[in-house]
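Bear in mind the structure is a predicted one, so any value in this text is a computation, not a measurement. Chain naming here is simple, since letters A, B, ... match the order of the sequence lines and numbering starts at 1 in each.
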2 protein chains.
Amino acid sequence: MSDVVDVIVGQWAKERPDVTDDLWPVQMFARIQRLARVVDKSAKDTAAAHGVEHGEFDVLTTLQRSGPPYTLTAGALLKASMVTSGAITNRIDKMEAKGLVERVREGTDRRTVKIRLTDHGHDVTRAVFADHLANYARLLATVDRDLVERTAEDLREVLLALGDTA
Amino acid sequence: MSDVVDVIVGQWAKERPDVTDDLWPVQMFARIQRLARVVDKSAKDTAAAHGVEHGEFDVLTTLQRSGPPYTLTAGALLKASMVTSGAITNRIDKMEAKGLVERVREGTDRRTVKIRLTDHGHDVTRAVFADHLANYARLLATVDRDLVERTAEDLREVLLALGDTA
DNA sequence: TGTTTTTATCTCAACGTTGAGATTATCAAC
DNA sequence: GTTGATAATCTCAACGTTGAGATAAAAACA
């Protein structure tokens with residue numbers, strides 16, 4: 001059976017037969033892009049239902065899963081989120097105004113700013129994350145679990161081959 | 001070997017052992033999200049080198065692969081790009097100013113606006129697409145091709161199971 | 001024919017991100 | 001110690017997208 005990407009590749013093969021041999025990366029990347037769109041939009045809606053932006057949810061979960069004392073520097077959050085410094089500053093500003101996190105300036109290096117999850121931030125994170133996982137499960141309700149796990153393992157190999165290690 | 005997502009899942013398992021059983025979708029979705037970020041950023045740079053925005057490149061390729069007469073309605077482009085109507089209007093405005101496409105109002109239905117690739121648009125599309133494919137190949141230079149094709153097929157099954165058909 | 005509903009596109013303010021530059025602090029070398 | 005380089009964060013204008021509403025045409029129905 002054919003999906004949307006098969007159709008796209010078929011169109012290219014017809015219109016640009018000269019590039020047919022170079023389309024194999026498209027088969028993977030286009031599907032990744034498509035799935036990312038669908039999942040991101042869904043995740044955005046889940047977070048929005050709790051009054052939290054997509055990027056803010058990213059910061060919340062990064063802080064919570066980091067464990068006690070639920071504190072990370074702005075720089076660490078920036079790398080984890082794969083966004084620019086301006087985006088992190090903006091996110092922290094708004095999250096601080098909402099009482100989700102607080103900026104802590106302490107320690108020897110006074111350039112660094114530590115971001116700490118507040119008690120309220122913890123509560124919100126737990127609530128949103130629960131909905132988030134339920135949403136993921138709902139999205140995959142019609143998908144064979146073995147397929148999902150197999151795909152996840154293939155994707156890990158791809159990421160490793162690309163040098164995406166911790 | 002562990003990738004970044006393995007680390008993330010490990011953190012969750014430690015900090016929130018109660019949700020461990022619900023993390024299997026994260027293994028796939030988080031990797032899709034991560035790969036999408038990397039690939040999108042790279043594709044953006046490729047397009048930018050030709051003075052074209054990421055979204056504009058999307059419109060250009062959609063028009064070219066549609067074949068003669070290289071004309072699609074705004075609505076068709078909107079669906080293909082998975083963005084809102086405002087985004088398409090904005091893209092077409094700028095692309096028309098650059099001479100890449102032209103709006104054609106003809107036919108029986110005067111609500112519809114047809115977007116046609118100009119000769120200049122064709123030239124630019126060919127150039128950017130060539131670089132785009134070369135960039136894809138470069139990205140995957142260190143990745144086993146069988147793995148890529150296997151992953152692409154798994155992803156197709158996932159998309160089909162999610163109902164993503166043409 | 002006249003009215004209502006639906007469809008296609010455009011408008012525009014609000015929003016988050018980018019990316020270059022500014023600021024301030026630390027580290028390294030002399 | 002002073003200088004220069006590096007590092008961490010913040011500032012801010014520009015940019016593309018969103019999403020609700022407006023506009024206008026076509027289709028459906030009375």
(message) Under the criterion side chain to side chain donor-acceptor pair (under 3.5 Å), I'd like the reasoning laid out for A/Asp131 against A/Thr46: C-alpha separation, chi angles, the key distance, then a yes or no.
(response) CA-CA 7 Å; A/Asp131 270 12; A/Thr46 300; over 6 Å; no
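- Distance CG (A/Leu78) to P (D/dA7): 14 Å, rounded to an integer number of Å.
- Computed from coordinates, the B/Asp109 CG to C/dT6 P distance equals 17 Å when rounded to whole Å.
- Residues B/Val38 make up the rest of the hydrophobic cluster containing A/Met82, defined by ILVMFWY side-chain heavy atoms closer than 4.5 Å, directly or through other members.
- OP1 or OP2 of C/dG19 lies within a sub-4.0 Å distance of a side-chain N or O belonging to B/Lys44.
- Residue B/Arg103 contributes atom CZ, which lies 9 Å from atom C1' of C/dT9 at whole-angstrom precision.
- Within the 4.0 angstrom heavy-atom criterion, base atoms lie near B/Ala87.
- Dashed line: the shortest gap from a side-chain N or O of B/Arg110 to OP1 or OP2 of C/dT9 is not under 4.0 Å.
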(request) Assess whether salt bridge (charged side-chain N to carboxylate O under 4.0 Å, His left out) is satisfied between B/Glu102 and B/Arg116, documenting all intermediate values. (result) CA-CA 5 Å; B/Glu102 53 188 1; B/Arg116 179 160 58 204; 3.2 Å; yes
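- Across the protein-nucleic acid pair, B/Glu53 atom CD and C/dG19 atom P stand 10 Å apart, rounded to whole Å.
- Contact annotation for A/Lys114: no contact, since no heavy-atom pair falls under 4.0 Å across all strands.
- Contact of A/Arg111 with D/dA7 (side chain to base): a donor-acceptor pair of N or O atoms is detected under 3.5 Å.
- One can place CG of B/Leu77 at 13 Å from P of C/dA8, the figure rounded to the nearest angstrom.
- Rounding to whole angstrom units, CD1 of residue B/Ile115 and C1' of C/dA8 are separated by 12 Å.
- Each of B/Asp45 and A/Glu56 was matched to the nucleotide of DNA chain C holding its nearest heavy atom; the match closer to the 5' end belongs to A/Glu56.
- The 5' end of DNA chain D is approached more closely, in terms of each residue's nearest nucleotide, by A/Lys79 than by the other of B/Ile88 and A/Lys79.
- Residue B/Asp40 contributes atom CG, which lies 15 Å from atom C1' of C/dT18 at whole-angstrom precision.
- As judged by a 4.0 angstrom heavy-atom cut-off over every strand, B/Asn90 is placed among the base-contacting residues.
- Within the 4.5 Å cutoff, the side chain of B/Pro68 has heavy atoms near those of the A/Glu15 side chain.
- B/Asp109 and B/Lys114 are not joined by a salt bridge, as no carboxylate oxygen comes within less than 4.0 angstrom of a charged side-chain nitrogen.
- Counting only heavy atoms from C-beta on, B/Val113 has its side chain closest to C/dC10 among D/dT9, C/dC10, C/dT17.
- Straight-line distance from the CZ atom of B/Arg37 to the C1' atom of C/dT17: 10 Å, rounded to whole Å.
- B/Gly86 comes within 4.0 angstrom of a nucleotide base, judged by non-hydrogen atoms across all strands.
- Among the atoms of the strands shown, base atoms are found under 4.0 Å from some heavy atom of B/Thr89.
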